[in-house]
Amino acid sequence: MSACVPTRTNHPTRAQRIHRPHSPPPTPPRRFRVAGADVSAAIAVFLIALPLSLGIALATGAPLQAGLVAAAVGGIVAGRIGGSPLQVSGPAAGLTVVTADLIQRYGWRTTCAISVLAGLAQLGLGCLRVARTALAVSPAIVHGMLAGIGVTIAVAQLHIVLGGTPQSAVLDNLRALPAQLAGLQPAAVAVSALTLTLLLLWPRIPGRAGRLLRKLPAALVAVAGATTTAALTGLTLPKVDLPSWRSHALAGLPEGPALGLVAAVLTVTLVCSVQSLLGAVAVDKLIASRPGLLSAGHAARLGRSDLDRELLGQGAANIVSGALGGLPVAGVAVRSSANVHAGAVSRNSTTLHGVLVVIAALLMVPILELIPLASLAALVMAVGIQMVSLHHIRTVTRHREVLVYAVTTLGVVVLGVLEGVLLGVAVAVAVAMHRLARTRITHDEQEGVHYVHVRGQLTFLAVPRLSRALHHIPQGSRAVVELDGSFMDHAAYEALQDWQKTHTAQDGVVELTGRRVGTGAEGGTGGETVTDADAHPDTGSALAGCRCRPWTPWRNHQCHGRPTGSAVPVRAATTPTAPGTPGTPHPHPHPHPHDTPTLPETPTTPTTPTAPSASDTPDLREPTPGTAGGSQLMRGITAFQRNTAPLVRGELARLAREGQRPTQLFLTCADSRLVTSMITSSGPGDLFVVRNVGNLVPPLGEESGDDSVAAAIEYAVDVLHVRSITVCGHSGCGAMQALFDSEPGGAQTPLKRWLRHGLPSLERMADESRPWARLAGRAPADAVEQLCLTNVVQQLDHLRAHESVARALRSGALELHGLYFHVGEAQAYLLAEGGEGEVFDHVGVADLTA
């Protein structure tokens with residue numbers, strides 16, 4: 001019997017498993033399972049990757065099988081090892097120009113060896129954990145590089161589309177284009193035109209049939225349609241030639257000048273790494289836009305990308321792909337976005353797509369050899385044209401980086417990828433240095449007060465111009481120096497301090513203001529300094545004339561106007577000090593509500609309080625207060641005209657010329673605590689806002705005598721063509737409280753007549769057959785909050801009844817969103833309508849920064 005006892009239970013080195021009584025049994029080992037969503041996503045990505053891989057290989061001049069090798073290795077190796085689970089890697093259009101140049105210069109076997117060395121370099125960078133450093137590259141450089149590569153690809157493939165053979169350089173292709181147009185091949189042009197037509201029109205098929213047909217990738221339909229047409233009509237065209245795998249060329253020892261090989265390895269490493277890392281960040285954003293994916297139990301597998309691990313995965317994939325005779329591998333945006341939109345839930349979809357590519361490369365060779373090369377060339381040419389994105393051009397223009405974008409694009413087209421990128425980096429650094437050193441100094445006189453406004457960093461480079469502006473201020477006059485910057489070096493500090501001492505010694509009055517320093521005016525003669533604490537010792541300057549500065553972090557505006565009857569507005573003055581000295585606090589602790597973040601201010605030293613003298617002069621810039629509200633309004637307008645208007649004038653002038661083009665209609669309550677631009681991080685021209693008491697949409701057919709909401713909806717949808725409408729409710733809504741507490745009968749005041757449009761929300765909440773709208777993670781605090789949530793859902797139903805809204809929804813041109821904003825928590829909840837009813841789910845920090 002003892003022979004039947006397993007000897008491994010008595011092994012001295014193996015820990016025994018102890019199962020405590022009443023504890024659940026140990027979890028059995030997990031089996032490898034592939035979710036159905038991953039299978040369908042893998043098939044969709046495979047159908048896109050197959051023609052694109054062949055087309056990119058054709059564009060580079062490499063063996064066509066090299067594209068299939070790279071696609072398979074990118075899916076299996078990078079997909080399994082990489083740090084971005086849903087990013088799909090393979091031969092990328094961004095590497096086409098680099099690879100084509102390497103093949104032309106060193107041959108195919110050496111190019112494969114360069115891919116292996118680039119993969120080793122990526123492994124080294126991943127081990128050093130420097131992946132996030134690549135994100136420091138200006139987006140204008142990256143987009144310019146991709147645009148230059150796209151132009152190069154499009155021009156080269158145009159020759160194949162016309163039935164010819166492209167040259168190695170872009171300028172040579174442009175010069176040869178007239179001759180190519182004169183001798184074009186009608187068969188190649190017809191097949192290419194058919195491919196482009198299907199590629200453009202397939203995603204635009206309308207109706208229910210279109211929704212079903214669009215599940216097939218446009219690239220696959222275009223190539224399959226062109227191939228079928230060419231076969232049925234008997235056109236004689238060059239076609240895909242896939243030789244036997246036995247003759248497939250693998251990597252060899254690199255041959256060529258050492259310096260040139262090092263530059264080639266660095267170029268491939270740079271382009272592959274930057275494109276893959278930026279693609280991983282973009283995939284994170286796509287995943288974040290699918291809240292249902294993260295809440296379905298896949299959050300642990302689909303966390304934010306590990307960029308260092310992604311770099312390791314890309315390096316391993318390049319080593320394997322190069323060793324097996326494949327193209328360089330990088331993350332591909334088209335396939336990655338298709339993977340996310342197809343519903344993938346894990347990295348299994350990426351790996352399975354690579355397995356499908358292997359199966360196709362081994363079993364579908366006879367079918368692949370029917371594809372005309374002109375069809376693949378047209379497909380790749382379309383991809384190259386799409387790489388020149390008008391959206392990116394508008395973005396870099398808006399951020400004043402169009403020079404960097406243009407120089408990088410031209411450099412890549414004319415000189416090459418590495419040279420163009422280095423040229424773009426040099427221009428970006430020069431532009432950044434120019435902005436850092438640029439300081440605008442203006443001098444103006446209004447009603448006897450001299451204003452010197454310094455905008456930008458105040459360094460020694462600006463001291464001559466600062467001294468020239470200060471020299472124009474007459475002796476004994478009143479001067480206001482506004483320091484609107486975040487840095488002041490020692491040279492500028494000394495120049496400003498010396499001038500202030502001299503000016504105050506000559507019976508002048510000096511006021512120094514900054515974004516966050518205590519602002520005020522020096523009152524009295526001889527440069528005496530008067531603080532708000534002296535004028536209002538009990539309140540500590542809270543009621544003194546505050547001067548809130550725009551474009552600093554937003555906070556609640558708690559400053560008040562001067563008490564009515566205050567004869568002399570008194571301010572706090574500050575003296576410039578060397579950087580590093582403790583600073584004077586703002587007269588009130590809350591900056592202006594319409595401010596944007598800035599860097600910390602140069603600190604200033606607190607001044608010694610003295611009693612106000614009888615000769616204190618009023619601030620001539622401030623309007624004479626009539627009432628507290630009026631003075632606050634006038635001060636706010638004055639601050640806008642002085643500080644904010646110069647910063648937004650260019651953007652508002654553009655909007656005035658082009659007209660408004662908002663993307664959203666935002667319908668919300670008139671509550672003063674709801675700042676729509678703050679909640680949505682939007683600016684001028686982004687939102688078409690409709691506010692009313694209770695964020696109500698009167699049902700159609702109601703004879704309310706007020707069609708303003710319906711008119712706004714019709715105008716936004718039919719004229720402005722907004723892409724989404726959001727109904728936003730909020731916590732503590734007084735309208736919902738009034739609606740909840742209302743009693744039937746009584747006098748019909750305007751408020752009661754308006755709130756009757758909310759009665760369907762009350763009826764919806766009282767209907768026990770309907771599931772209640774609820775918050776994710778907690779129950780509504782009370783019945784009023786429940787009514788606020790229900791009201792948002794009900795108003796969305798009212799919206800769908802509008803003819804213009806229904807028509808736009810049917811065509812897919814419009815989306816409706818429900819939003820609930822909890823004021824006390826500063827938390828937004830987005831409505832997710834599904835099988836479990838209407839649930840308002842969190843919009844978290846991770847969702848916004850992914």
Side-chain angles (χ1 to χ4, degrees), residues 44-61 64 67 71 88 90-97 99-100 143 145-164 166 170 173-174 177 180-181 184-185 187-205 213-214 216-230 237-240 275 279 327 330 332-338 341 371-393 409 412-413:
V45 176
F46 160 72
L47 295 177
I48 296 175
L50 193 63
L52 280 178
S53 300
L54 293 173
I56 292 173
L58 173 67
T60 60
L64 296 184
V88 182
L95 295 163
T96 302
V97 177
T99 309
H143 298 322
M145 177 190 73
L146 295 177
I149 292 173
V151 171
T152 305
I153 292 173
V155 173
Q157 297 308 298
L158 181 59
H159 284 269
I160 301 179
V161 166
L162 297 176
V170 180
N173 284 323
L174 290 175
L177 194 57
Q180 186 64 61
L181 289 172
L184 58 84
Q185 301 294 325
V189 174
V191 170
S192 300
L194 177 60
T195 303
L196 293 175
T197 301
L198 290 174
L199 196 64
L200 294 176
L201 297 183
W202 189 260
R204 294 173 172 80
I205 298 178
L213 293 175
R214 284 197 296 270
L216 287 176
L220 176 68
V221 172
V223 174
T227 301
T228 303
T229 303
L237 289 169
K239 298 178 181 177
V240 169
Q275 182 168 346
L327 292 170
V332 187
V334 176
R335 295 171 219 181
S336 300
S337 61
H341 291 306
I371 301 176
L373 295 182
S375 178
L376 293 179
L379 176 64
V380 177
M381 184 180 71
V383 173
I385 293 174
Q386 291 172 357
M387 292 172 70
V388 187
S389 172
L390 294 179
H391 171 70
H392 292 155
I393 294 175
T409 301
V412 170
V413 170

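The residues of the chain are indexed from 1 along the displayed sequence.
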Peer 1: Do Leu54 and Leu58 touch side chain to side chain, with heavy atoms closer than 4.5 Å?
Peer 2: no
Peer 1: Apply the side chain to side chain contact (heavy atoms under 4.5 Å, CB included) test between Val221 and each candidate in Leu213, Leu199, Leu216; give the one that qualifies.
Peer 2: Leu216
Peer 1: Val412 and Ile149: side-chain contact (heavy atoms from CB on, under 4.5 Å), yes or no, with the steps?
Peer 2: CA-CA 7 Å; Val412 170; Ile149 292 173; 4.0 Å; yes
Peer 1: Do Met381 and Leu196 touch side chain to side chain, with heavy atoms closer than 4.5 Å?
Peer 2: yes
Peer 1: Please name the pair of heavy atoms, one in Ala226 and one in Leu194, separated by the smallest distance, quoted to 0.1 Å.
Peer 2: CA-CD2, 3.9 Å
Peer 1: About how many Å separate CG of Leu373 and CG of Leu237, when rounded to the nearest 0.5 Å?
Peer 2: 8.5 Å
Peer 1: For Ala59 and Thr96, which heavy atoms make the closest approach, and how far apart are they?
Peer 2: CB-CG2, 3.6 Å
Peer 1: Any chance you could measure Leu158, atom CG, to Leu181, atom CG, to the nearest 0.5 Å?
Peer 2: 7.0 Å
Peer 1: Before giving the answer on side-chain contact (heavy atoms from CB on, under 4.5 Å), spell out for Val383 and Leu52 the whole-Å C-alpha distance, their side-chain angles and the decisive distance to 0.1 Å.
Peer 2: CA-CA 9 Å; Val383 173; Leu52 280 178; 3.8 Å; yes
Peer 1: Could you name each residue pair satisfying side-chain hydrogen bond (donor to acceptor under 3.5 Å, both in side chains) that touches residues 191-203, not counting sequence neighbours?
Peer 2: Thr195-Ser375
Peer 1: With the side chain counted from C-beta on, respond yes when Val332 and Gln275 share a heavy-atom pair under 4.5 Å apart, and no when they do not.
Peer 2: no
Peer 1: To the nearest 0.5 Å, tell me how far Gln185 CD sits from Ile160 CD1.
Peer 2: 13.0 Å
Peer 1: What are the two closest non-hydrogen atoms of Thr227 and Pro372, and how far apart are they?
Peer 2: OG1-CD, 3.4 Å
Peer 1: Nearest 0.5 Å, what's the CD1-CD1 distance between Ile153 and Ile56?
Peer 2: 7.5 Å
Peer 1: Applying side-chain contact (heavy atoms from CB on, under 4.5 Å) to Ile371 and Leu376, what does each step give before you reach the verdict?
Peer 2: CA-CA 8 Å; Ile371 301 176; Leu376 293 179; 3.8 Å; yes
Peer 1: Going by heavy atoms in the side chains, are Val155 and Leu177 under 4.5 Å from each other?
Peer 2: no
Peer 1: Below 4.5 Å, heavy atoms only, C-beta onward: do Leu379 and Pro51 meet side chain to side chain?
Peer 2: yes
Peer 1: Looking only at heavy atoms, which two atoms of Gly163 and Gln180 are closest? And how far apart?
Peer 2: C-NE2, 4.0 Å
Peer 1: How far apart are the C-alpha atoms of Val388 and Thr409, what are their side-chain angles, what is the distance that settles it, and do they pass the side-chain contact (heavy atoms from CB on, under 4.5 Å) test?
Peer 2: CA-CA 10 Å; Val388 187; Thr409 301; over 6 Å; no
Peer 1: Taking all non-hydrogen atoms of both residues into account, name the closest pair between Arg335 and Pro91 and its distance.
Peer 2: NH2-O, 3.0 Å
Peer 1: Provide the closest heavy-atom pair for Pro217 versus Leu47 in the form atom of the first, atom of the second, distance.
Peer 2: CG-CB, 3.8 Å
Peer 1: About how many Å separate NE2 of His159 and CG of Leu184, when rounded to the nearest 0.5 Å?
Peer 2: 12.5 Å
Peer 1: For Ala57, is there any backbone N or O sitting under 3.5 Å from a side-chain donor or acceptor partner on Thr60?
Peer 2: yes
Peer 1: Any chance you could measure Leu327, atom CG, to Leu95, atom CG, to the nearest 0.5 Å?
Peer 2: 8.5 Å
